[in-house]
Amino acid sequence: MLLIAQTNPTMNLPIATIQRARIARDPRFDGLFFVAVKTTGIFCRPICRARMPLEKNVDYYASAIQAMDQGFRPCLMCRPDSAPGSFAWKGVETTVERGVKLLSSRLSLNIAEISEKLGISTRYFNRLFEQHLQISPKRYQLLNRLLFAKQLLHESTLPIEQVAHACGFNAAKPLQHHMKANTGLTPSQIRRANSLKGGNEGSEIIVYLSYRPPYQWSHIQAFFKLREIHSNEFVDDSSISKVIKVGGQNVLFKALHQAEQNRFEVRFLLSDLSVLKGSIGVVKKMLDLSCDPHAIASSLKQSGMPESMLRSGIRLPGINDRFEAGCRAIVGQQVTVKAAIGQLNLLQNTLAKRANPDDLIAFVSPARVAGADLSFLKMPNARKATLKAFAEFMTQRPNASIAEWLTIKGIGTWTVNYVNMRHSDNPDVFLATDLVVKNKLKKLAEQQVNIDADTAAPWRSYLTLNLWDL
DNA sequence: GAATTCCCCTG
DNA sequence: CAGGTGATATTG
């Protein structure tokens with residue numbers, strides 16, 4: 001028997017395909033249909049590791065909601081009730097992924113603290129890590145620390161003692177010891193190859209971050225300038241400054257573009273060196289410094305994008321903070337960039353007052369927005385409610401996956417995709433439903449220019465960006 | 001490496 | 001519904 005409702009357009013699959021997908025536990029069908037077992041009253045995802053039920057005992061549903069409506073309860077192993085893309089949904093893979101991320105961005109945390117953040121025992125974390133990456137977390141962390149130390153020795157003038165602290169060591173000694181043991185060189189030998197001049201004035205730390213040219217600074221500069229939130233960031237012709245939150249701390253940075261050297265000179269103002277690595281990561285992400293412009297350009301050409309329209313060296317302007325990204329997306333629904341940014345500035349100015357009009361301060365916190373009366377904003381009431389619900393959600397579950405935001409009323413696929421494009425590390429987000437993108441594609445089609453978005457994979461974010469004016 | 005948890009089948 | 005089987009994830 002087949003109980004798939006026609007309400008789900010993806011569900012026009014032949015029954016034989018569904019059956020085969022189930023037997024094979026084919027992950028490509030995960031989320032497209034659900035398997036309900038009549039004998040137990042439990043429903044699962046096609047990938048569920050549980051014992052395979054007999055064909056005569058199963059019903060198929062297009063959605064978890066439908067299965068639950070029919071009286072089935074979600075399986076405790078495969079969690080068909082969780083949102084696709086969430087941590088619970090993706091399981092072990094994301095745990096390792098998050099572990100790697102934490103390990104390489106928070107150098108001062110030990111393995112026990114990381115495991116705790118992941119919600120698993122250190123024992124299991126060790127095993128998973130070893131299993132997937134063939135290296136222990138401890139060793140991975142050490143090499144990461146040394147790599148970062150080497151970078152700082154080369155690309156900053158930070159004293160060695162402070163380099164050690166920035167890498168999660170308690171003192172210079174252990175850094176010297178491990179560096180010598182693993183690279184054959186001591187930190188001061190590495191430092192000697194550094195030709196950078198100038199000290200670190202006060203508590204300011206200067207780091208030089210290079211990129212692969214070409215880099216179209218004018219585009220990313222204009223993009224950020226147009227979306228500037230005045231008390232949080234400052235954009236001028238050659239630099240961008242912003243207060244970011246890293247590891248619970250506020251960090252001010254100023255990234256100055258130095259086109260001749262293909263790099264940015266980045267100055268950080270931070271109270272604790274342990275967040276330096278994370279801060280550098282944020283800047284790299286915002287300015288898209290790791291991208292390979294040549295690979296992207298050739299892939300965009302394949303999609304049918306005319307050479308004349310292709311902006312060489314275009315970068316994806318990133319947003320590191322998830323709450324900020326969500327706010328920008330929600331407020332930006334269905335309105336011009338200008339209108340949206342006006343409201344964001346109003347939000348920031350009303351709820352996050354600065355002591356001194358020249359100071360830069362952090363973006364308003366979720367708690368502040370959740371607790372505020374938002375009637376001062378000029379936007380539809382429904383959108384204000386969404387913004388507030390989103391802020392509440394973020395105070396409760398700041399680490400929930402972005403896909404889970406879909407459960408909030410007023411947050412749909414466009415909003416989630418926009419956030420994914422600007423915040424996630426996946427460069428393959430195509431905003432097919434975006435109004436500007438649609439209009440542009442239509443206009444191009446009228447001029448006999450047909451763009452096949454799929455062939456731009458895995459760089460479809462850049463295709464989207466190229467279709468926007470700014 | 002054992003114990004636990006969870007699922008599905010059969011009687 | 002109870003009892004038994006098999007399989008995987010996770011822990012101590």
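Because the structure is a prediction, the values reported are computed rather than measured. Sequence lines set the chain letters: A, B, ... in the order given, protein chains first and strands last, and positions in each chain run from 1.
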Revision key, fill the gap. With A:Thr415 as partner, the option from A:Leu406, A:Thr386, A:Ile330, A:Ile402 fulfilling side-chain contact (heavy atoms from CB on, under 4.5 Å) is A:Ile330
**Study point:** Atom-pair distance (NZ on A:Lys56; P on B:dT10), nearest Å
**Key:** 6 Å
Between the protein and nucleotides 2-4 of chain C, list the N/O to N/O atom pairs that are separated by less than 3.5 angstrom.
| unit_1 | atom_1 | unit_2 | atom_2 | d |
| --- | --- | --- | --- | --- |
| C:dG4 | N2 | A:Arg51 | NH1 | 3.3 |

Check your understanding: Within less than 4.0 Å of OP1 or OP2 of B:dC8, is there a side-chain N or O belonging to A:Thr39?
Key -> no
Practice item. Tell me what A:Cys48 touches on the nucleic acid: a base, only sugar-phosphate, or nothing, going by heavy atoms under 4.0 Å. Key: nothing
Practice item. Please state how far atom CG in A:Leu76 lies from atom P in B:dC6, giving the value in whole angstrom units. Key: 6 Å
Check your understanding: Is the NZ or CZ atom of A:Arg45 positioned over A:Trp89's six-membered ring, under 6.0 angstrom from the centre and within 45° of the axis?
Key -> yes
**Study point:** Contiguous Watson-Crick or G-U pair runs (3 or more, under 3.5 Å) in DNA chain B
**Key:** B:8-11 with C:1-4
Review point. With a cut-off of 6.0 Å (strictly less than), are more than 12 heavy atoms of other residues, nucleotides or ligands near CG of A:Leu133?
Key: yes
Check your understanding: Can you check whether A:Phe34 and A:Phe72 have ring centres sitting under 6.0 Å from each other?
Key -> no
Check your understanding: Would you say B:dC9 has OP1 or OP2 under 4.0 Å from some side-chain N or O of A:Asn57?
Key -> yes
Practice item. Looking only at non-hydrogen atoms, find the nearest pair between A:Leu146 and A:Met179 and report the distance. Key: O-CE, 3.6 Å
Review point. What's the CG-C1' distance between A:Asn126 and C:dT11, to the nearest Å?
Key: 13 Å
Review point. Would you say A:Thr40 reaches B:dC8's phosphate, i.e. side-chain N/O to OP1/OP2 under 4.0 Å?
Key: yes
Exercise for review: Take atom CZ of A:Phe87 and atom C1' of C:dA9, then tell me their distance rounded to the nearest Å.
Suggested key: 19 Å
Revision key, fill the gap. A:Arg79 CZ to B:dT5 P, in whole Å, measures 16 Å
Check your understanding: Under 6.0 Å from the six-membered ring centre of A:Phe169 and within 45° of its axis: does the NZ or CZ of A:Arg145 meet both?
Key -> yes
Practice item. Could you tell me whether A:Arg263 and A:Glu155 make a salt bridge, using a distance below 4.0 angstrom between a side-chain N and a carboxylate O? Key: no
Exercise for review: Just do the side chain to side chain donor-acceptor pair (under 3.5 Å) check on A:Asp272 and A:Ser274 with the steps written out, would you?
Suggested key: CA-CA 5 Å; A:Asp272 180 352; A:Ser274 70; 3.1 Å; yes
Practice item. Find the distance A:Arg49:CZ to B:dC8:C1' and express it as a whole number of Å. Key: 14 Å
**Study point:** Sugar-phosphate, base or nothing in reach of A:Arg73, heavy atoms under 4.0 Å
**Key:** sugar-phosphate
Review point. Expressed in angstrom and rounded to an integer, what is the separation of A:Asp59 atom CG from B:dC8 atom C1'?
Key: 15 Å
**Study point:** Test: A:Lys254 and A:Glu233 ion pair at under 4.0 Å
**Key:** no
Review point. Over how many whole Å does the gap from A:Ile120 atom CD1 to C:dT8 atom P extend?
Key: 19 Å
